[in-house]
Amino acid sequence: AKVELFETELQENAVLFKALGHPARLAILNFLAGTKTCFTGDISNELPLGRTTVNQHLDELKKAGLIQGHISGIKTNYCINPSVVEKLKSAMDKLINHMNCC
């Protein structure tokens, strides 16, 4: 794949930015950020989407590392991953600062 022609940092940043490329994923992140704690339960109850669709978006966010999901009994605890969010913030700041130089 042509992706491999780019630096590892750019590849990792692209995964993070791609995960933000859908409004449902942004809504999930906003919801989890607003809870200020891990959320136990069905996030699909909080969004205007079906459970299967929400689960697909949760999987994409988990693959990117932006959220963590831990099974507890019959429920899953979802949390924002602060270290990856910090990495995202740093990558975004670096990109914006670089674009502002022109």
K2 and E4: CA distance, side-chain angles, deciding distance, side-chain contact (heavy atoms from CB on, under 4.5 Å) verdict: CA-CA 5 Å; K2 302 282 183 185; E4 296 161 355; over 6 Å; no
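- Scanning for side chain to side chain contact (heavy atoms under 4.5 Å, CB included) contacts around K89 gives E86, D93, with sequence neighbours left out.
- Atom CG of L5 has more than 12 neighbouring heavy atoms from other residues, nucleotides or ligands inside a 6.0 Å radius.
- Hydrophobic clustering of Ile, Leu, Val, Met, Phe, Trp and Tyr side chains at less than 4.5 Å, counting indirect connections, unites I96 with L26.
- By the ring-ring contact (aromatic ring centres under 6.0 Å, His included) test, F6 pairs with no residue at all, sequence neighbours left out.
- When the side chains of ILVMFWY residues are joined at heavy-atom separations under 4.5 Å, either directly or via intervening members, L10 and L66 end up in two distinct hydrophobic clusters.
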For residues 13-22, dump all side-chain donor-acceptor pairs below 3.5 Å to protein atoms at least two apart in sequence or in another chain.
{"unit_1": "N13", "atom_1": "ND2", "unit_2": "E9", "atom_2": "O", "d": "3.4"}
{"unit_1": "H22", "atom_1": "ND1", "unit_2": "A24", "atom_2": "N", "d": "3.0"}

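- Taken to the nearest 0.5 Å, the CD atom of E46 stands 13.0 Å off from the CG atom of N30.
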Show which side-chain atoms of residues 73-82 pair as donor or acceptor with protein atoms under 3.5 Å away, not counting sequence neighbours.
{"unit_1": "N77", "atom_1": "OD1", "unit_2": "T40", "atom_2": "OG1", "d": "2.3"}
{"unit_1": "N81", "atom_1": "OD1", "unit_2": "S83", "atom_2": "N", "d": "3.3"}
{"unit_1": "N81", "atom_1": "OD1", "unit_2": "S83", "atom_2": "OG", "d": "2.9"}
{"unit_1": "N81", "atom_1": "ND2", "unit_2": "G65", "atom_2": "O", "d": "3.2"}

Pairs under 3.5 angstrom only: tabulate donor-acceptor contacts from the side chains of residues 55-63 to other protein residues two or more places apart or in another chain.
{"unit_1": "N55", "atom_1": "ND2", "unit_2": "R51", "atom_2": "O", "d": "3.3"}
{"unit_1": "H57", "atom_1": "ND1", "unit_2": "R25", "atom_2": "NE", "d": "3.1"}
{"unit_1": "E60", "atom_1": "OE2", "unit_2": "K63", "atom_2": "NZ", "d": "3.4"}

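- Of the inter-residue distances, the one linking E12 atom CD with E7 atom CD reads 11.0 Å to the nearest 0.5 angstrom.
- Note that CD1 of I67 is 10.5 Å distant from SG of C38, once rounded to the nearest 0.5 Å.
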